[in-house]
Structure formats: C-alpha cells, structure tokens
Amino acid sequence: MSAKKQDTGMAPLFGKQNYLLMLTGVVVMVIGFFLMKGGKSDPGKFDAEQVYSSTRVTIAPIIILIGLAIEVIAIFRKPKQAE
C-alpha cells in the first residue's frame, strides 16, 4: 500500500501569514515585558523614580497591549487560499 496524503477538503486553520503575525505579536509582548522589568536596581535601596518611571508604568503596558492586539488580528485574519 502506498502512503498517500488524503485530501479532506478542509482548508488549514491558519496560514503562513497568520503564524508570522502570531510570532510578531509574541516578540512585541516580550519587548514590553523586558521594558517593564527595567534596569538593574540596588536591592537595599528603594528608588521611587526608577520604580515608577514612565517606561515601566506607561510605555511597557501599552506595548504589551499592542502585542495582544496583533495576536487577535493574527487569529481572526482569514488565511489566503492556496490554488
């Protein structure tokens, strides 16, 4: 018997472009988490300016939300049909 690939007639759930968008969204979210982490701080000293910096409190969460939006777009985007 030959091992033939059966065509079920169903299109794949996600296309190549969807997976690339998903990977892009994950990379953007990881960048946001690294920004939220911030730089190295002295463990014995509390520096309010560093802890509550605009990068950690405002910019990083916005970048993470942008990454999540990219993920939603990647999931809902209809894959192009291969002809």
Side-chain angles (χ1 to χ4, degrees):
M1 288 192 150
S2 131
K4 291 184 181 178
K5 192 175 186 181
Q6 293 182 349
D7 185 18
T8 60
M10 295 177 61
L13 188 58
F14 295 118
K16 182 179 179 181
Q17 194 172 27
N18 295 81
Y19 286 118
L20 288 174
L21 277 172
M22 285 183 203
L23 181 64
T24 303
V26 168
V27 169
V28 170
M29 285 190 290
V30 167
I31 290 170
F33 283 119
F34 276 121
L35 286 175
M36 193 178 290
K37 178 183 164 199
K40 186 177 181 182
S41 61
D42 185 23
K45 180 183 170 200
F46 177 75
D47 185 9
E49 192 172 306
Q50 189 177 22
V51 172
Y52 300 115
S53 69
S54 62
T55 302
R56 286 183 173 180
V57 176
T58 306
I59 296 171
I62 290 172
I63 290 176
I64 293 170
L65 288 175
I66 290 170
L68 287 171
I70 293 171
E71 289 293 325
V72 169
I73 291 168
I75 291 170
F76 283 110
R77 186 180 183 104
K78 202 172 202 178
K80 294 184 179 182
Q81 298 294 330
E83 295 179 19

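Along the sequence shown, the residues carry numbers beginning at 1. Note that these values count all heavy atoms, side chains included, but never hydrogens, waters or copies made by symmetry.
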Linking I/L/V/M/F/W/Y whenever any side-chain heavy atoms sit under 4.5 Å apart, do [X] and [Y] land together?
X	Y	value
Ile59	Ile62	yes
Ile64	Met22	no
Ile31	Ile70	yes
Val27	Phe33	no
Leu13	Ile75	yes

Over all atoms of both residues, closest heavy-atom pair of [X] and [Y]:
X	Y	value
Leu68	Met29	CD2-SD, 3.4 Å
Arg56	Leu35	CG-O, 3.9 Å
Val51	Val57	O-CG2, 4.3 Å
Gly32	Ala60	O-CB, 3.4 Å

Any chance CZ of Phe46 has more than 12 other-residue heavy atoms, nucleotides or ligands included, within less than 6.0 Å?
-> yes
Atom [atom1] in [X], atom [atom2] in [Y]: separation rounded to 0.5 Å?
X	Y	atom1	atom2	value
Ile73	Asn18	CD1	CG	11.5 Å
Leu21	Lys16	CG	NZ	12.5 Å
Lys37	Thr55	NZ	OG1	14.5 Å

Heavy-atom distance under 4.5 Å between the side chains of Val28 and Glu71, does that happen here?
-> no
